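Just so it is clear, the structure is predicted and the values come from calculations on it, not from any experiment. Letters A, B, ... mirror the listed sequences (proteins, then strands); counts begin at 1.
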2 protein chains.
Amino acid sequence: MTIKTAAQVLFDQWQAGNVLAPDCPSRAILQHLTSRWGALVMVALAMGPHRFSGLRRQVRGISERMLAQTLQELEADGFVLRTAHAVVPPHVDYELTDLGHEAANHLVPMIRWIEGAVPRIMAARMPKAAE
Amino acid sequence: MTIKTAAQVLFDQWQAGNVLAPDCPSRAILQHLTSRWGALVMVALAMGPHRFSGLRRQVRGISERMLAQTLQELEADGFVLRTAHAVVPPHVDYELTDLGHEAANHLVPMIRWIEGAVPRIMAARMPKAAE
DNA sequence: CATAATACTTACAAAATCGTGCGTACTTCC
DNA sequence: GGAAGTACGCACGATTTTGTAAGTATTATG
């Protein structure tokens, strides 16, 4: 193994849990959770288990492709659990894991705050940036 | 004006504060706040006021272009306050507004949770998806 | 007198993301 | 017997995002 100075070891540990560090995995996870559709799917699933087509109806505007892709990312990160029943026509259930619920406990209040703050934000919008 | 049924009015009001509705402004604001760089800039600013070049050093990996663009979005939404001092070389300070602090109060704990959850998430990662 | 520093802006190009449309295997409904 | 519903995968092109490099004005520094 290569030898590291104490400072380098400290630096690595600091990077391991710091989004501001470019190589920290937390950055990637943050992106999955807060991506255009990721956050909305999490909100929908926070309201209870759904199946694929149900999610499509809830998260209005999402395409099938994006929904499938988003669900796969969230599943890979361990936030959602996919349960496929071997029947025809297909029947697949999606629900949050424990980890997913923890994440949703942060995500959902934030989104609710935004929803409530919309009027204040619209009012605070810069009119035209006078000099 | 066009006449709306009671149901339509209710629907509009519901849409006005619902991220799951495609035209709700909250979706756009959510995007600015949770965009690739938006969230990281908010985290950096939550630690105190910074100037442009200071932010560039904090938020590692961001380009000047993206930092300028991100700051403009956050300023337009009323989350950050830009103060330019008329000196040469230029000196510009950025800090969170009250609205920005409220947002950061949701955003920062979520990111801290992610940073702490990284080990569990990495462990929960699907190995290869066995059938 | 050339360089560096600040806080950007603009132009250009590369890269990532996204939506649309099509196909699937089988059943139920009309 | 044709249509619809289910949960996707794939290919294609359009759109959006992002990075790189260069330029700007002025002063201080060597």
Side-chain angles (χ1 to χ4, degrees), chain A residues 19-20 22-23 27-41 44-45 49-77 80-95 126 128-129 131, chain B residues 19-20 22-23 27-41 44-45 49-77 80-95 126 128-129 131:
Chain A
V19 256
L20 296 181
D23 298 334
R27 263 200 198 181
I29 293 162
L30 176 64
Q31 303 247 350
H32 297 163
L33 222 44
T34 64
S35 66
R36 174 160 185 199
W37 300 115
L40 302 182
V41 168
L45 285 177
H50 284 78
R51 28 195 312 199
F52 190 87
S53 53
L55 282 172
R56 259 211 83 182
R57 262 170 263 126
Q58 280 276 317
V59 182
R60 307 238 310 254
I62 195 172
S63 66
E64 295 194 349
R65 199 177 93 86
M66 281 299 106
L67 179 54
Q69 192 173 305
T70 302
L71 284 169
Q72 284 167 9
E73 277 182 1
L74 294 176
E75 190 194 358
D77 282 344
V80 322
L81 177 68
R82 191 188 106 110
T83 313
H85 306 275
V87 296
V88 72
H91 183 136
V92 181
D93 288 313
Y94 291 93
E95 60 188 312
M126 304 271 100
K128 208 60 177 179
E131 69 300 324
Chain B
V19 255
L20 296 181
D23 298 334
R27 264 201 196 179
I29 293 162
L30 176 63
Q31 303 244 355
H32 297 164
L33 223 44
T34 64
S35 67
R36 173 157 187 200
W37 300 116
L40 302 182
V41 169
L45 285 177
H50 285 79
R51 37 197 301 200
F52 189 87
S53 54
L55 282 173
R56 260 211 82 183
R57 261 170 263 127
Q58 280 275 315
V59 182
R60 307 236 310 255
I62 195 172
S63 66
E64 294 195 348
R65 201 177 92 84
M66 280 300 105
L67 179 55
Q69 193 173 306
T70 302
L71 284 169
Q72 282 167 9
E73 277 181 2
L74 293 176
E75 191 194 359
D77 282 345
V80 322
L81 178 67
R82 190 188 106 111
T83 313
H85 306 276
V87 295
V88 71
H91 183 134
V92 182
D93 288 313
Y94 290 95
E95 59 189 309
M126 305 272 100
K128 208 61 178 179
E131 69 300 324

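- Distance CG (A/Asp93) to C1' (D/dC8): 15 Å, rounded to an integer number of Å.
- Between A/Gln58 atom CD and D/dA7 atom P there is a gap of 14 Å when expressed in whole angstrom units.
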Taking it one step at a time, do B/Leu30 and A/Thr34 satisfy side chain to side chain contact (heavy atoms under 4.5 Å, CB included)? CA-CA 9 Å; B/Leu30 176 63; A/Thr34 64; over 6 Å; no
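- With A/Asp93 as the partner, the side chain to side chain donor-acceptor pair (under 3.5 Å) test is satisfied by one option alone out of A/His85, A/Arg51, A/Arg82, A/His50: A/His85.
- Between B/Leu55 atom CG and B/Glu64 atom CD the span is 12.0 Å, to the nearest 0.5 Å.
- In this structure, B/Gln72 reaches the sugar-phosphate backbone alone: every heavy-atom distance under 4.0 Å involves primed, P, OP1 or OP2 atoms, never a base.
- Between B/His91 atom NE2 and D/dT27 atom C1' there is a gap of 16 Å when expressed in whole angstrom units.
- Taken from CZ in B/Arg57 to CG in A/Leu20, the straight-line distance is 14.0 Å, to the nearest 0.5 Å.
- Here the P atom of nucleotide D/dT20 and the CG atom of B/Leu67 are 14 Å apart, to the nearest Å.
- Listed candidates were C/dC8, D/dG9, C/dA7. Nearest to the side chain of B/Arg51 is C/dA7.
- Here the P atom of nucleotide C/dA7 and the NE2 atom of B/His85 are 10 Å apart, to the nearest Å.
- The phosphate of D/dC8 has OP1 or OP2 within less than 4.0 Å of a side-chain N or O from A/Arg82.
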Can you build the contact string for nucleotides 11-30 of chain C? Use B for base contact, S for sugar-phosphate-only contact, and - for no protein heavy atom under 4.0 Å. B------BBB-----SS---
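- Rounded to the nearest 0.5 angstrom, A/Glu75 CD and A/Thr70 OG1 are separated by 12.5 Å.
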Before you tell me yes or no, could you show the steps for A/Leu74 and A/Val41 under side chain to side chain contact (heavy atoms under 4.5 Å, CB included), namely the whole-Å CA-CA distance, both residues' side-chain angles and the distance that decides it to 0.1 Å? CA-CA 9 Å; A/Leu74 294 176; A/Val41 168; 3.9 Å; yes
